[in-house]
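Naming: A, B, ... by sequence-line order, numbering from 1 per chain.
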2 protein chains.
Amino acid sequence: MREFLRTKGYKMTPQREMIFRAFFELGEHVTVEELYEKVRKIDPSVGHSTVWRNLKLICEVGLAEEVKMGDGVTRYDRVTRQPHGHFFCTECKSVVEFNVEPIVDIMTTEAAGRNFAPEHFKVEVHGVCAECREKVGRQTARGTSPGIEDDDHATVEERGNTSR
Amino acid sequence: MREFLRTKGYKMTPQREMIFRAFFELGEHVTVEELYEKVRKIDPSVGHSTVWRNLKLICEVGLAEEVKMGDGVTRYDRVTRQPHGHFFCTECKSVVEFNVEPIVDIMTTEAAGRNFAPEHFKVEVHGVCAECREKVGRQTARGTSPGIEDDDHATVEERGNTSR
DNA sequence: ATTGCAATTGAAAATCGTTTTCAATTGTCG
DNA sequence: CGACAATTGAAAACGATTTTCAATTGCAAT
Ligand SMILES: [Mn+2]
Ligand SMILES: [Mn+2]
Ligand SMILES: [Zn+2]
Ligand SMILES: [Zn+2]
């Protein structure tokens with residue numbers, strides 16, 4: 001790793017080592033906060049900005065890429081798989097991947113037809129995961145049952161849930 | 001309109017009328033700023049928050065929905081069409097729509113298989129539109145040609161371009 | 001028309017994740 | 001061992017979004 005980075009013109013530092021290691025240990029779709037917390041447990045002196053900068057660096061060198069689900073926080077996804085889509089649970093913020101090969105094919109064709117040069121495909125299905133639906137008792141989703149104005153099912157939790 | 005809103009428990013006001021009208025006159029994928037500017041030309045006294053709140057209201061009553069392309073600004077898209085995908089030009093920020101019926105079918109099946117209740121599908125192709133490619137001279141996109149590190153092709157423009 | 005009151009408005013401030021600044025520290029290379 | 005660019009941490013800056021609050025205004029019932 002030290003070697004890999006040097007060839008790209010970057011130095012290796014204890015913080016960096018720590019951050020890189022922690023990042024790859026955490027699952028996919030890591031947020032700055034999650035990584036920051038994890039690193040802090042090892043060395044509380046590591047700064048927020050350092051974690052952020054190194055996450056950027058990891059992307060820079062092509063080991064991960066940013067994923068923005070639209071909930072306000074950026075997630076960092078390892079790039080060790082073929083293009084894939086995301087099932088994003090709006091309740092617990094969990095992310096599950098799925099194959100998008102056939103979909104990408106369609107989009108590529110569509111793009112070619114308009115002379116649009118695709119650089120990145122974003123395929124997401126937002127909704128409620130199996131676990132959350134069980135917990136809350138929603139049956140079919142889509143179409144708020146009459147009477148229920150605001151959401152605030154007050155139960156579910158599984159990841160940070162501070163709604164921004 | 002006044003009637004429609006009243007049945008939903010909202011009042012009509014001159015600002016609201018102005019904002020609603022302006023929103024539907026502007027094309028699709030309007031940002032708060034764009035609408036704010038447009039409204040300002042008619043009545044400079046209208047506040048930023050009022051425009052924002054009414055845009056939210058328009059969504060509330062089901063006439064539009066938020067679209068977040070990941071570039072930091074929220075766009076508001078009229079809901080007068082069947083589900084569609086977006087070609088998003090990262091250069092000029094233009095948005096072009098395309099049909100996603102077959103894609104939604106695939107995603108629906110995929111979701112069902114995982115017991116995931118879909119509520120919203122997001123299908124985007126980020127890249128460079130025909131116009132921008134012409135202007136800059138990029139040929140194929142994907143894979144930065146050697147030597148070019150930073151982007152800043154210093155030319156193109158077509159919509160706000162302050163990169164956040 | 002007048003009145004009561006919740007809805008609405010505009011300005012300013014608060015949020016909050018992201019990004020930059022800056023002085024101090026630390027790798028790396030000759 | 002230096003020289004020096006890269007890196008770091010704390011704090012501040014950013015910027016779009018969202019909230020707060022006092023003042024104003026629709027509108028429905030007198
Ligand atoms: Mn992923
Ligand atoms: Mn659209
Ligand atoms: Zn869930
Ligand atoms: Zn373009």
Side-chain angles (χ1 to χ4, degrees), chain A residues 1-20 29-37 39-40 42-61 66-76 93 149-150 159-164, chain B residues 1-20 30-37 39-40 42-61 66-76 93 150 159-164:
Chain A
M1 189 69 250
R2 174 181 237 91
E3 191 49 37
F4 171 74
L5 281 179
R6 200 179 48 197
T7 66
K8 300 230 172 193
Y10 298 106
K11 297 176 179 175
M12 180 48 87
T13 69
Q15 294 92 330
R16 181 159 289 168
E17 165 123 39
M18 209 175 289
I19 293 171
F20 271 57
H29 318 113
V30 181
T31 67
V32 182
E33 279 309 305
E34 290 170 350
L35 184 54
Y36 178 59
E37 287 312 324
V39 171
R40 286 227 123 204
I42 307 172
D43 181 351
S45 73
V46 176
H48 214 292
S49 41
T50 299
V51 174
W52 177 79
R53 277 186 293 235
N54 276 292
L55 226 20
K56 284 287 190 184
L57 178 60
I58 292 176
C59 291
E60 193 71 23
V61 298
E66 298 191 344
V67 179
K68 299 186 179 184
M69 299 293 196
D71 69 335
V73 303
T74 303
R75 275 155 242 273
Y76 293 82
K93 317 299 181 197
E149 302 272 325
D150 62 328
R159 267 225 199 177
N161 204 22
T162 342
S163 75
R164 174 181 165 71
Chain B
M1 190 70 250
R2 173 182 237 91
E3 191 49 38
F4 171 73
L5 281 179
R6 199 181 48 201
T7 66
K8 299 229 173 194
Y10 298 106
K11 297 176 180 175
M12 179 49 85
T13 69
Q15 294 94 329
R16 180 160 291 170
E17 165 123 37
M18 209 176 291
I19 293 171
F20 271 56
V30 181
T31 66
V32 182
E33 278 310 305
E34 289 170 349
L35 184 53
Y36 178 60
E37 287 311 325
V39 170
R40 286 227 121 203
I42 306 171
D43 181 351
S45 74
V46 176
H48 214 293
S49 39
T50 299
V51 173
W52 178 79
R53 278 186 291 235
N54 276 292
L55 228 19
K56 284 288 191 184
L57 177 61
I58 292 176
C59 292
E60 193 71 24
V61 299
E66 297 191 344
V67 178
K68 299 186 179 182
M69 299 293 195
D71 68 334
V73 303
T74 303
R75 275 158 242 272
Y76 292 81
K93 317 298 182 199
D150 62 329
R159 267 225 198 179
N161 204 23
T162 342
S163 73
R164 171 182 168 75

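- Regarding contacts with the backbone of D/dT18, a side-chain N or O of B/Lys56 is found under 4.0 angstrom from either OP1 or OP2.
- Protein atom CH2 of A/Trp52 is 14 Å distant from nucleotide atom C1' of D/dA12, rounded to whole Å.
- Separating the CZ atom of B/Arg2 from the P atom of D/dG26 is a distance of 9 Å, rounded to the nearest angstrom.
- Taking 4.0 angstrom as the limit, A/Thr50 places none of its side-chain polar atoms (N or O) nearer than this to OP1 or OP2 of D/dT7.
- In this structure, B/Gln15 reaches the C/dG10 phosphate: one of its side-chain N or O atoms is under 4.0 Å from OP1 or OP2.
- The nearest whole Å value for the distance from the CD atom in B/Glu66 to the P atom in D/dT18 is 7 Å.
- When each of C/dA11, D/dG9, C/dA7 is scored by its nearest atom to the side-chain atoms of B/Lys11, the top-ranked nucleotide is C/dA7.
- Here the P atom of nucleotide C/dT8 and the CD atom of B/Glu17 are 15 Å apart, to the nearest Å.
- In terms of phosphate contacts, A/Asn54 brings a side-chain nitrogen or oxygen within less than 4.0 Å of OP1 or OP2 of D/dT8.
- Nearest-nucleotide mapping onto DNA chain C: of B/Tyr36 and A/Val73, the residue sitting toward the 5' end is B/Tyr36.
- A 4.5 Å side-chain heavy-atom check between A/Thr74 and A/Thr31 finds every atom pair outside the cut-off.
- The shortest distance between the side-chain N/O atoms of A/Thr74 and the OP1/OP2 oxygens of C/dT18 is below 4.0 Å.
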Step by step, work out the salt bridge (charged side-chain N to carboxylate O under 4.0 Å, His left out) result for B/Lys56 and B/Glu66.
CA-CA 9 Å; B/Lys56 284 288 191 184; B/Glu66 297 191 344; 2.5 Å; yes

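- Closest approach to the B/Ser45 side chain among C/dT21, C/dG10, C/dT28 is made by C/dG10 (side chain taken as heavy atoms from C-beta onward).
- In this structure, the CD atom of B/Glu33 is 14 Å from the P atom of D/dT18, given to the nearest Å.
- Within the 4.0 Å cut-off from OP1 or OP2 of D/dG26, not a single side-chain nitrogen or oxygen of B/Arg6 is found.
- The nearest whole Å value for the distance from the CZ atom in B/Arg16 to the P atom in C/dA7 is 11 Å.
- Counting heavy atoms from C-beta on, the side chains of A/Glu17 and A/Met1 never come closer than 4.5 Å.
- Ion pairing between a basic and an acidic side chain is recognised when a charged N comes within 4.0 Å of a carboxylate O; A/Arg40 and A/Glu37 show no such pairing.
- Put simply, the side chain of A/Ile58 does not reach to within 4.5 Å of the side chain of A/Tyr76, judged on heavy atoms.
- Here the side chain of A/Ser49 is nearest to one of C/dG10, D/dG9, C/dT28, namely D/dG9.
- The nearest whole Å value for the distance from the CG atom in B/Asp71 to the C1' atom in C/dG17 is 15 Å.
- Heavy atoms of A/Pro14 sit under 4.0 angstrom from primed sugar atoms or phosphate atoms, though from no base atom.
- Distance NZ (A/Lys8) to P (D/dA5): 23 Å, rounded to an integer number of Å.
- Residue whose closest nucleotide on DNA chain D sits further toward the 5' end, between B/Tyr76 and B/Tyr10: B/Tyr76.
- Within the nucleic acid shown, A/Thr13 comes within 4.0 Å of sugar-phosphate atoms alone, with no base atom in reach, counting heavy atoms only.
- Side chains of A/Val73 and A/Arg75 form a contact here, defined as non-hydrogen atoms less than 4.5 Å apart.
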